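Notes follow once the structure below has been shown.
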Amino acid sequence: MEVKVYQNKTKVAEEFSKYLIEKSADEKAFHIALSGGSTPKIVFDVLAEEFAGDVNWRNIHLYWGDERCVAPDDAESNYKMTVEHLISKVDIPEENIHRIKGEADPKLEAKRYGELLEKELPKELGLPQFDLVILGMGDDGHTASIFPHEIELWVSPDNCEVAIHPESGQRRVSLTGRIINNAKTVAFLVTGETKAEKVKIIIDREEGYLIYPASHVAPKTKDLVWFLDAAAAKLLT
Ligand SMILES: O=C(O)[C@H](O)[C@@H](O)[C@H](O)[C@H](O)COP(=O)(O)O
């Protein structure tokens, strides 16, 4: 595991953009699962506005680590956020975009998306393998849409599950641990002071850390990188 700390969100976005460019430089398909939330917005803006010319978008295939069960034009949609902050600004072929259909029946969509991963992604150890999974972490230590109150979803035998947000009750389709931990690389993008406590507990594996889904992110390749701003990293020694 590698922990990279930068002074602010913009610097995190810039350094992650450079990291992505380096990782995806080979002339072959690069399959990425994106996260939702507010941190990626800044990263996508910087990537699209400052580094777009350095990425071979024809090789980039976008997927989502989770999606809210809403229409694709709903303000809550991770897909809509990604279109606004990234996809609308770069020359990525439409056929390279594999959204989770938030408007569909959640159970049926979790099944469909799980089958899509089997079909579209290369296999490693018999499971679909992403080149890169980008994750955020909630203040409660959730990641993707695996929340502490449903942590058993992490070990589901399926590629995707239907989760429920603990406060809003909103349903979501989420990748599960078997896919996330089968990725070649996992990058956490975590910023802001509200994350500092969980970042410390999880990275330093303090007592009780396993109740947080983010603590179960452990790619078999060991290639796990935390991109943090100083605020989220402030309790790390
Ligand atoms: O759909 C989502 O909301 C995300 O996938 C979620 O897991 C997010 O990454 C965390 O909630 C952190 O969000 P912030 O980046 O806004 O802190």
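Whatever order the structure lists ligands and atoms in, that order sets their numbers, starting from 1. None of these values were measured; they are calculated from a predicted model.
Using cut-offs of 30° and 60° on the angle between ring planes, the pair H98 and Y63 is parallel.
Annotation: atom 9 (O) of ligand 1 to nearest protein heavy atom, G136 CA, 3.2 Å. The protein heavy atom nearest to atom 10 (C) of ligand 1 is H142 NE2, 3.5 Å. Ranking protein heavy atoms by distance to atom 15 (O) of ligand 1, first place goes to T39 OG1, 2.8 Å. Scanning the protein heavy atoms around atom 3 (O) of ligand 1, the nearest turns out to be R68 NH2, 2.7 Å. The nearest heavy-atom contact from the protein to atom 12 (C) of ligand 1 is M137 O, 3.4 Å. Atom 7 (O) of ligand 1 has its closest protein heavy atom at A144 O, 2.6 Å. The protein heavy-atom contact nearest to atom 8 (C) of ligand 1 is G36 O, 3.8 Å. In this structure, the protein non-hydrogen atom closest to atom 13 (O) of ligand 1 is G37 CA, 3.8 Å.
At a 4.0 Å heavy-atom cut-off, ligand 1 does not touch V190 at all. Residue contacts with ligand 1 for D66 involve side-chain atoms from C-beta outward but no N, CA, C or O (heavy atoms, distance under 4.0 Å). Only side-chain heavy atoms of K195 come within less than 4.0 Å of ligand 1; its backbone N, CA, C and O stay farther off.
The closest side-chain heavy-atom distance from W154 to I180 is below 4.5 Å. At a threshold of 4.5 Å between non-hydrogen side-chain atoms, the residues K107 and E161 count as touching. Considering only heavy atoms from C-beta on, V70 stays 4.5 Å or farther from E103 through its side chain.
A donor-acceptor contact shorter than 3.5 Å is absent between the side chain of R172 and the backbone of D66. Of the possible donor and acceptor atoms, none in the side chain of N96 sits under 3.5 Å from a partner among the backbone N and O of L62. Side-chain atoms of N182 come within 3.5 Å of backbone atoms of P128 as a donor-acceptor pair (strictly under, hydrogens ignored).
Residue R172 has at least one heavy-atom neighbour below 4.0 Å for each of these atoms of ligand 1: 1 (O), 2 (C), 3 (O).
Minimum heavy-atom separation, T39 to L189: CG2-O, 3.8 Å.
Polar contact check, L135 against ligand 1: no nitrogen or oxygen pair lies under 3.5 Å apart.
Between N159 and the options E118, E115, K111, a side chain to side chain donor-acceptor pair (under 3.5 Å) holds for only E118.
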